[in-house]
Novice: 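Sharing a structure below in structure tokens format, with a few things to ask.
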Amino acid sequence: MNTSLSNLRPRRRHRIRLLVAATAALTLLGTAGAAARPDEPTAPAPAGAAAAADGLRTVSLPGLTRASYRVTLITGDEVTLTRDGGRYTVTAIPSARADGTRPSIDVEVRTGPGGTDTRLHALPRDVQALVASGVIDRKIFDVAWLAAQVERGGNTPLGVTVKYGDRLDAAALDKRVSGLPGVTTAAKHPDHGTVDLRIEPRQAAAFWAGFKGDTGVGELSDYLFDRVTPKLSGDAVALWPTGLRSAEAEPQTDTGQPTYRVTQTYKRKNGDAFYCGVRLMTICPMFGFLLAQVAGNAVGSAYESVSARCLDSDPCTTFEATFEVPPGTYQASGHALFRLDGRDQQLNLELPEVTVTGDTTITRDADTARQLTVGTPRPTETFVASRTTFRTFGNGQGGGTLSFTGYGNSSFWAIPSPPVTVGTFHLGTNWVLGKPMVTMAVTTPGRVALKPMLPTYWYRGPGFEVVRFSGRQTHQLVDGGLGRTADYDRISAKGKIVLLRIDADKPAGGQCNVGPAQLMRARAAGAVAVLVEATSTGGPWPTMTCPLPVPPDWWFHPQEVADIPYAAISAGEAENLRGLLRRGPVKIDIAGYDAVSPYVYTLHTYQEGRIPASLHTEVTDKQVATVDTSLHGTRAQPASLVYSAFRPNETAVAGVPYSYLTDSVRFTTYRGPVSPDLVRLQFYEPSGGQPGARTIDVVDRAGPDPARWTARPLVPGAAELSPQVFRAQPGKWEGAWSTEICAFCRQGNTFYPITNLVSGTAPNHIMGSYVFEPQNVRMYADGQELPQASSLVWGPTYELPAAARRYRLTAENGRTTTTWNFTSAAPTRYEPPKGFTCAEGTGSPCHADPLLFLRYDTGADLGDAVTAPGRHQLRVSAYHQVPAAPAVTSLALSISTDGGVTWKQLPTTAKGGGDYTASYQVPRLTDTTGTVSIRASARDAAGNTVEQTVLDAFRLTDRR
């Protein structure tokens with residue numbers, strides 16, 4: 001019984017002197033979370049309509065000061081925590097388990113009064129039973145605690161303690177841990193039967209595979225209903241962080257009131273029955289049952305169920321959980337899994353509000369659940385999505401759950417509820433949708449639409465190679481059974497599509513993964529494509545229904561990649577095709593593409609104040625911004641775009657990655673729906689040592705909006721923050737909530753030559769804070785070089801006298817050399833640019849000095865090149881970071897096509913506001929060094945100047 005599969009692979013960071021707001025991301029290992037489409041279509045709800053005055057304060061995660069952390073859980077799953085002002089974006093990426101599956105991950109968010117002291121626990125679905133039963137300490141999955149280890153001087157690998165028995169000698173303990181990969185033994189404690197281990201992050205997944213072994217759907221239900229404690233391999237009985245064990249239960253307020261019995265019944269009569277642990281069930285709990293008080297004398301106290309049982313059997317369609325709680329108003333939590341036509345469905349059992357004044361019975365009817373869906377003007381399928389529930393309580397506390405899934409498992413459902421009367425509630429979904437990668441339909445003997453699924457939405461992800469369908473074609477279908485040699489002896493597969501069941505009898509691989517040999521035999525028999533039925537035959541179980549999608553074995557075990565496209569269909573669809581084959585020939589029309597999707601929808605949809613009867617959102621072209629998106633680069637390296645959004649009352653949100661794109665690619669992004677108070681973030685994470693970037697903005701209107709990510713040249717400057725952000729959520733992105741470090745700011749008498757790298761094609765793309773190497777920056781006054789000091793975090797600094805004085809600053813970064821002349825005086829107030837903060841925080845006066853900056857838009861292609869020979873246009877902007885800065889009065893511009901040996905001055909045309917354009921001619925490519933260099937200088941009305949030379953600023957390419 002496989003859990004849901006999430007085909008996401010860890011992303012890579014590259015160590016350069018470009019910091020994300022404060023510091024480079026850190027990696028550490030943790031030791032311490034088919035019904036018809038709903039009718040009644042509704043227009044998108046305006047985000048935040050119910051939470052305009054929530055009194056939310058910046059989040060305080062104790063001990064955390066850095067901007068970004070990348071945590072590797074003990075299971076091998078990766079969680080990224082990125083601070084944006086006073087809030088956090090969380091992205092969870094599951095790793096493959098021993099059987100090839102990738103369980104979804106729930107990140108629990110808990111917020112104290114006013115938004116302080118948030119706790120974040122990332123719990124993969126296959127550890128829920130282990131944590132609930134106390135076998136594994138919940139602290140191991142505390143993301144904030146894990147990140148704080150670095151702040152307190154902890155180093156990776158971090159330690160865990162494993163208990164094997166009450167008394168075991170050293171030899172016996174050595175034997176227990178000898179087969180575990182990726183660990184070293186730090187200490188043995190025979191009297192207690194424990195071993196202290198150190199685990200390397202890169203070996204965490206391998207460690208977990210050996211330590212946990214097989215994990216099936218239903219371990220949690222076995223524990224909840226029968227108190228069957230889940231097992232670890234090697235006779236291990238417990239695991240906790242070395243030197244630390246959390247309390248057995250969360251503290252609860254003693255109100256002195258009587259307690260009442262709350263009985264919550266869950267039922268589903270419809271849908272596929274499947275094994276959830278030892279039981280055949282129609283609905284399988286995947287998260288513990290919980291009641292949290294939102295109003296009363298114990299606000300914030302959480303009460304777990306005291307008992308749970310099935311009320312019928314074979315299959316179990318109804319079960320109940322009971323609680324003992326004092327009177328008050330509560331939120332009931334829970335998640336479950338059910339299946340429709342072999343496809344896993346994620347069911348939110350949450351009841352946002354229920355009042356308890358005596359013994360209470362609540363019935364949750366999953367047959368009334370509605371699917372969260374979205375309609376778009378163009379055909380789409382879900383590439384990846386996350387679901388969020390967020391609840392605030394009567395005293396300002398609150399929290400929610402961020403559920404991360406992967407391709408094929410983002411089918412979210414919820415049960416309609418009454419509106420809340422205390423605090424706020426919303427149910428949200430973060431969608432990444434794209435053009436369906438493959439569509440299929442039977443055309444002979446009659447038209448029947450199919451729902452095929454590829455193994456993943458990624459395009460040529462390294463390590464996840466798979467042949468994709470390309471173009472449109474129609475072929476005859478033939479039943480190939482298990483695809484063994486004997487099966488092909490009885491059929492003719494040449495030029496046909498072969499229908500196969502998964503052959504689990506193979507040298508290596510998971511029960512529900514298709515093997516390369518099975519596919520390559522189809523290719524050898526002349527087949528043009530394969531349809532894989534999600535039914536496995538052989539292996540440990542004679543026959544097994546598998547969830548979709550069906551991955552190939554070569555993703556998890558080194559094997560040859562089969563050179564034939566395949567898609568998976570459900571057992572029901574396969575049986576229907578076999579029925580058609582028994583009556584005569586069957587032809588299937590296939591359409592697909594072998595490229596990045598030409599368009600992507602990144603949508604954030606919300607249901608406010610309740611779970612309504614309809615969970616469908618219809619999005620029109622008038623509700624989205626149409627973004628011409630291009631990822632610039634010179635090599636086809638994998639990259640990711642991560643999307644998230646903050647509502648006014650949210651402290652932590654889910655980031656959803658569109659993974660393994662390639663540099664030098666272009667597509668259309670439709671962003672929406674339009675919402676005037678939803679602040680959206682995008683993170684661009686390229687590989688190959690290239691700098692990443694992010695944007696913070698508001699989609700408050702439909703229409704065209706280009707986005708050219710990291711187009712060259714990238715030069716020192718100051719990023720622009722969208723003014724819509726400050727209007728959308730007043731006070732939430734400035735002051736203590738500020739997201740960026742101001743460029744070349746002076747705090748007291750200390751001048752910080754911190755800057756950003758800025759692209760002229762997208763000045764609102766923020767590339768973190770750039771810190772110069774000490775030898776590459778110099779500062780002068782009256783012709784004398786000033787002594788350089790140093791900040792542990794911010795690199796070179798300069799101590800200046802309080803009185804106003806003229807300075808010259810020179811800096812080099814890569815092939816760019818810049819000289820600034822400006823006046824600086826000690827600030828009298830704390831007044832950095834809006835949305836920016838100063839290096840030392842808000843404790844002393846600070847302002848941005850009036851440096852003049854330049855940025856360039858070359859109009860180059862995706863490879864940052866223009867054609868030679870040819871005439872082109874260069875756009876240059878001279879600007880300040882300082883509000884109400886002096887006007888730019890002049891700009892001079894020259895280019896070189898021989899690497900800076902000779903220069904040609906260009907006439908410029910002023911466009912106003914410091915913007916200039918210049919037309920220029922480049923010779924034949926053979927008469928150049930293959931690049932264009934830029935030399936520019938500008939002056940403002942106060943006499944501040946900038947001179948900049950950018951060698952090899954962009955490339956030349958042959959016009960042919």
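Each residue takes its place number in the sequence, starting with 1. Worth saying up front: this structure is predicted, and the values here are computed from it rather than measured.
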Novice: What's the verdict on side-chain contact (heavy atoms from CB on, under 4.5 Å) for Glu740 and Leu721, showing C-alpha distance, side-chain angles and the deciding distance?
Specialist: CA-CA 9 Å; Glu740 308 307 320; Leu721 298 182; 4.1 Å; yes

Novice: Scan side-chain atoms only and decide if Gln873 and Arg875 contain a donor-acceptor pair under the 3.5 Å cut-off.
Specialist: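 Yes.
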
Novice: Taking the inter-plane angle between the rings of Phe667 and Tyr658 on a 0 to 90° scale, is it parallel (under 30°), tilted (30 to 60°) or perpendicular (over 60°)?
Specialist: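 Phe667 and Tyr658: perpendicular rings.
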
Novice: Taking the side chain as every heavy atom from C-beta outward, state whether Pro869 and Pro923 have any pair of such atoms under 4.5 Å apart.
Specialist: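 They are not in contact (no side-chain heavy atoms under 4.5 Å apart), so the answer is no.
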
Novice: Taking the side chain as every heavy atom from C-beta outward, state whether Val656 and Thr91 have any pair of such atoms under 4.5 Å apart.
Specialist: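 A side-chain contact under 4.5 Å is absent here.
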
Novice: Which pairs pass salt bridge (Lys or Arg N to Asp or Glu O under 4.0 Å) with one or both residues in residues 698-707, sequence neighbours excluded?
Specialist: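 Of all non-adjacent pairs touching residues 698-707, none passes salt bridge (Lys or Arg N to Asp or Glu O under 4.0 Å).
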
Novice: Check this for me, if you would: do Asp952 and Arg815 make a salt bridge, where the nitrogen-to-carboxylate-oxygen distance has to be below 4.0 angstrom?
Specialist: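 A salt bridge links Asp952 with Arg815.
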
Novice: With a 4.0 Å cut-off, would you call Arg708 and Asp857 a salt bridge?
Specialist: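 So Arg708 pairs with Asp857 through a salt bridge.
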
Novice: Tell me which pairs pass ring-ring contact (aromatic ring centres under 6.0 Å, His included) where either residue lies in residues 905-933, with sequence neighbours left out.
Specialist: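 ring-ring contact (aromatic ring centres under 6.0 Å, His included) check on residues 905-933 returns His872-Tyr920.
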
Novice: I'd like to check the side chain to side chain donor-acceptor pair (under 3.5 Å) partners of Arg778; sequence neighbours left out, ordered by chain and number.
Specialist: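 So Arg778 forms a side chain to side chain donor-acceptor pair (under 3.5 Å) with Glu785.
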
Novice: Could I get the full list of side chain to side chain contact (heavy atoms under 4.5 Å, CB included) partners for Pro565, not counting sequence neighbours?
Specialist: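 Side chain to side chain contact (heavy atoms under 4.5 Å, CB included) list for Pro565, sorted by chain: Val467, Phe469, Arg523, Ala529.
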
Novice: Identify, with sequence neighbours excluded, every residue that meets salt bridge (charged side-chain N to carboxylate O under 4.0 Å, His left out) alongside Asp563.
Specialist: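 Not a single residue meets the salt bridge (charged side-chain N to carboxylate O under 4.0 Å, His left out) criterion with Asp563.
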
Novice: Please list, chain by chain and in numerical order, all residues satisfying side chain to side chain contact (heavy atoms under 4.5 Å, CB included) with Thr474, sequence neighbours excluded.
Specialist: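 Once residues adjacent in sequence are excluded, the partners of Thr474 under the side chain to side chain contact (heavy atoms under 4.5 Å, CB included) criterion are Thr443, Lys587, Asp589.
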
Novice: For a quick check under 3.5 Å, do Arg712 and Thr858 share a side-chain donor-acceptor pair by atom type?
Specialist: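 Side chains of Arg712 and Thr858: no pair found under 3.5 Å.
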
Novice: Stepwise, does the side-chain contact (heavy atoms from CB on, under 4.5 Å) test hold for Leu641 with Phe683?
Specialist: CA-CA 5 Å; Leu641 281 165; Phe683 298 84; over 6 Å; no

Novice: Under the ring-ring contact (aromatic ring centres under 6.0 Å, His included) test, which residues partner Trp709, sequence neighbours left out?
Specialist: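 Residues passing ring-ring contact (aromatic ring centres under 6.0 Å, His included) with Trp709: Tyr684, His765.
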
Novice: For Thr928, which residues count as a side chain to side chain donor-acceptor pair (under 3.5 Å) partner, sequence neighbours excluded?
Specialist: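 Applying side chain to side chain donor-acceptor pair (under 3.5 Å) to Thr928 gives none.
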
Novice: Applying side chain to side chain donor-acceptor pair (under 3.5 Å), name anything that partners Asp861, two or more places apart in sequence or on another chain.
Specialist: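 Side chain to side chain donor-acceptor pair (under 3.5 Å) list for Asp861, sorted by chain: empty.
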
Novice: What are the two closest heavy atoms between Pro673 and Leu603, and how far apart are they?
Specialist: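 Nearest pair, atom of Pro673 first, then Leu603: N-CD2, 4.3 Å.
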
Novice: Let me know which of Thr629, Thr602, Asp697 forms a side chain to side chain donor-acceptor pair (under 3.5 Å) with Arg671.
Specialist: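 It is Asp697; the other options fail the test.
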
Novice: Pairs in or reaching into residues 899-909: which pass side-chain hydrogen bond (donor to acceptor under 3.5 Å, both in side chains), with residues at least two apart or in two chains?
Specialist: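 Qualifying pairs, neighbours excluded: Asp898-Thr902.
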
Novice: Salt bridge or not for Asp84 and Arg694, using N-O below 4.0 Å?
Specialist: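 The answer is yes: the pair qualifies as a salt bridge.
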
Novice: State which residues pass salt bridge (charged side-chain N to carboxylate O under 4.0 Å, His left out) with Asp915; sequence neighbours excluded, sorted by chain then number.
Specialist: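 Asp915 satisfies salt bridge (charged side-chain N to carboxylate O under 4.0 Å, His left out) with no residue once adjacent residues are dropped.
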
Novice: Restricting to ring-ring contact (aromatic ring centres under 6.0 Å, His included), what partner residues turn up for Tyr601, sequence neighbours left out?
Specialist: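 Checked Tyr601 against ring-ring contact (aromatic ring centres under 6.0 Å, His included); matches are Tyr670.
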
